[in-house]
Amino acid sequence: MRKNLVTTHYRASNLCEAICGLAIEVSGDEIRSIRGDRDDPFSRGHICPKAVALQDIHGDPDRLRQPVRRMENGSWKRVSWDEAFDEVAKRLRAVQRDSGRDAVALYVGNPS
């Protein structure tokens with residue numbers, strides 16, 4: 001891919017339940033712009049500041065890009081995605097086994 005080639009990726013924001021349609025212009029690994037997708041049937045080109053901030057999250061040098069596990073000495077160790085998902089599944093099963101199936105819940109949405 002040529003470095004100066006700008007392409008547009010059409011995605012949906014995953015930051016809230018509105019799932020706004022996004023048009024993301026990129027050049028290589030660099031995000032050039034994020035704007036609302038005018039052809040999206042739900043958001044019709046409108047997006048909130050959270051969606052625009054995805055560019056800041058993408059470029060944040062402190063952003064985790066792969067799973068890590070905290071070790072007993074307090075340090076962090078990189079682990080594979082399979083290892084991370086296996087650990088989460090094991091721990092969720094243990095919580096439900098010890099405290100009942102209703103012990104695990106999920107909240108999705110914008111706080112008011």
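No donor-acceptor distance shorter than 3.5 angstrom exists from the side chain of E25 to the backbone of R32, with no hydrogens or angles considered. In this structure, the side chain of H58 engages the main chain of D29 through a donor-acceptor pair within 3.5 Å.
Considering every non-hydrogen atom in both I31 and Q55, the closest pair reads O-NE2, 2.9 Å. The nearest pair of heavy atoms linking S27 to V6 is CB-CG2, 4.2 Å. The shortest heavy-atom contact between G21 and S43 is N-OG, 2.9 Å. Among all heavy-atom pairs drawn from L54 and L22, the shortest one is CD1-CD1, 3.7 Å.
Within 6.0 Å of atom CZ in R63, more than 12 heavy atoms from other residues, nucleotides or ligands are found, so the atom counts as buried in its surroundings. By the neighbour-count criterion of 12 heavy atoms within 6.0 Å, atom CG of D60 is densely surrounded, having more than that number from other residues, nucleotides or ligands. Within a 6.0 Å radius of CG in D98, other residues, nucleotides and ligands contribute more than 12 heavy atoms.
Hydrophobic clustering, with ILVMFWY side chains joined whenever heavy atoms are under 4.5 angstrom apart, keeps Y10 apart from F42. No continuous path of hydrophobic side-chain contacts links W81 to V88 [ILVMFWY only; heavy atoms under 4.5 Å]. Hydrophobic cluster membership differs between I19 and I24, with clusters built from Ile, Leu, Val, Met, Phe, Trp and Tyr side chains linked at under 4.5 angstrom.
To the nearest 0.5 Å, atoms CZ (R78) and CD (Q66) are separated by 4.5 Å. Residue R101 holds its CZ atom at 12.0 Å from CZ of R93, rounded to the nearest 0.5 Å. Residue D40 holds its CG atom at 11.0 Å from CD1 of I47, rounded to the nearest 0.5 Å.
Using modelled atom types, one finds no donor on one side chain facing an acceptor on the other under 3.5 Å when comparing S80 with D82.
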